[in-house]
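Notes for the one structure printed next.
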There are 2 protein chains.
Amino acid sequence: MPDPHRTRGSYAKGIAKREEILERALEVVAREGMRGASVRELADAVGLSQAGLLHYFDSKEELFTEILRKRDEIDATERLGGGEGDVREGLRRVVRHNSEVPGVVALFSRLSVDAADPQHPAHAFFLERGEGLRGSFAASFRRRQEAGEISDAVDAETLARLLQAAADGLQLQWMLAPTFDMADTLDALFIALAGPLTRPAEDTREP
Amino acid sequence: MPDPHRTRGSYAKGIAKREEILERALEVVAREGMRGASVRELADAVGLSQAGLLHYFDSKEELFTEILRKRDEIDATERLGGGEGDVREGLRRVVRHNSEVPGVVALFSRLSVDAADPQHPAHAFFLERGEGLRGSFAASFRRRQEAGEISDAVDAETLARLLQAAADGLQLQWMLAPTFDMADTLDALFIALAGPLTRPAEDTREP
DNA sequence: GTCTATACTCTGATAGAC
DNA sequence: GTCTATCAGAGTATAGAC
């Protein structure tokens, strides 16, 4: 390591700056939404020129992918972290927060579509993200099924897929017309799945 | 009506040609997918020049909106029509067909996102489409609830919203990785909602 | 009604100075 | 590391001939 100060220093500074850019970009997207999701506008918003911003990212697509990755990172630490709540509670917190950042929801939805192309930089990201998400959803459902809280007529993996689908689909509906509560609506799926089993009180007071 | 032959004739021809264009465009999108969803490429595919194609539509966005409208029209007559099947069966047929036209799924998903903008030509279309869809879903759920087939812990309108969301969300997952059966997975939601109530046979052979 | 040709805009990406 | 300047490409929309 020749001159660790310069090499490690500049490297560290590059990384730090990059992270800082992503955090600011995420805030800007959250506030201003997706209008003009061009590198130029985002660069202005974060206080850099277009070329200056692209200095840190290979392309526009990679930039936006990294913004979403940063979002997930923050969600994981600030809303899923702690480990005290279960999946249902954590998901509810994330969705409720999403209701306050429509621009981020728009960015996520747009990239969800674009990333279908295997060539897109976000393809692998969405693939891994989905698998991870469904994995933890499935584990949670499996636990509930074993506890007898929900029916095992449908396997936990499929329920997990449906839960993820519902969450994503609700976002599309909500962007089109934010006239309902995303968190409550998604939570209703848990209620519906638990079905009659969560209401033993009714059965006990039967003649 | 001065010279009905010319006015009505040209009008009728214009309409007919437009419909023909939409049908062909739908076939092309279904087959070739969304690669290069530009007016030029679509024009080539339907055998017109770019300007020639735009002669029938105000803009690219309106063109794509109309393609989706035509899709719905065909779905309604060919897969929902007849009235013999219930909503669940009809939806299953539509989703199964969608699995064979990934390009159409991609177009729908893309426009679902773009149409969030109230200025987008497809905005009203998606708004009305969603309301109609959820209306018939809700009616079906209400019937099932009254018949005691599914729990009424969640109101039918919310279930309808969740069903629509699941359908749309599954499409996103499936475009990213078509490694599962969309129709079966969506149908599993009905199974999960019916829950234990659909399995009286198990209870009878208990003691 | 359809085509050719073109104008215009937007945007991502790069080169090179500082 | 950041900026200015510029390029190249794509794509929509329109004008005008036929």
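Side chains are part of it too, since the values below use all heavy atoms of this structure and drop only hydrogens, waters and symmetry mates. Throughout, protein chains are lettered first and strands after them, A, B, ... in sequence-line order, and every chain is numbered starting at 1.
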Judged by modelled atom types alone, do N98(B) and R93(B) share a side-chain donor-acceptor pair under 3.5 Å?
no
Which listed nucleotide ([options]) is nearest to the side chain of [X]?
| X | options | answer |
| --- | --- | --- |
| H55(B) | dG1(C), dA13(C), dA13(D) | dG1(C) |
| R40(A) | dT2(C), dT12(D), dG12(C) | dG12(C) |
| A51(A) | dT14(C), dG1(C), dT12(D) | dT14(C) |

Would you mind reading off the distance between [X] atom [atom1] and [N] atom [atom2], rounded to a whole angstrom?
| X | N | atom1 | atom2 | result |
| --- | --- | --- | --- | --- |
| E62(A) | dG12(C) | CD | C1' | 14 Å |
| L54(B) | dT12(D) | CG | P | 8 Å |
| D44(B) | dG11(D) | CG | P | 12 Å |
| D58(A) | dT14(C) | CG | C1' | 13 Å |
| L48(A) | dG1(D) | CG | P | 12 Å |
| H120(A) | dG12(C) | NE2 | C1' | 13 Å |
| L53(B) | dT4(C) | CG | C1' | 16 Å |
| E41(B) | dG9(D) | CD | C1' | 14 Å |

Backbone N/O of F108(B) and side chain of S112(B): donor-acceptor pair under 3.5 Å
yes
Does any N or O in the side chain of H123(B) come within less than 3.5 Å of the main-chain N or O of A115(B), such that one atom is a donor and the other an acceptor?
yes
Regarding dG11(D), can its base be found pairing with the side chain of Q50(B) as donor and acceptor, where the two atoms are less than 3.5 Å apart?
no
Over all strands shown, is S38(A) touching base, sugar-phosphate only, or nothing at heavy-atom distances under 4.0 angstrom?
sugar-phosphate
Pair F125(B) + F64(B): ring centers closer than 6.0 Å
no
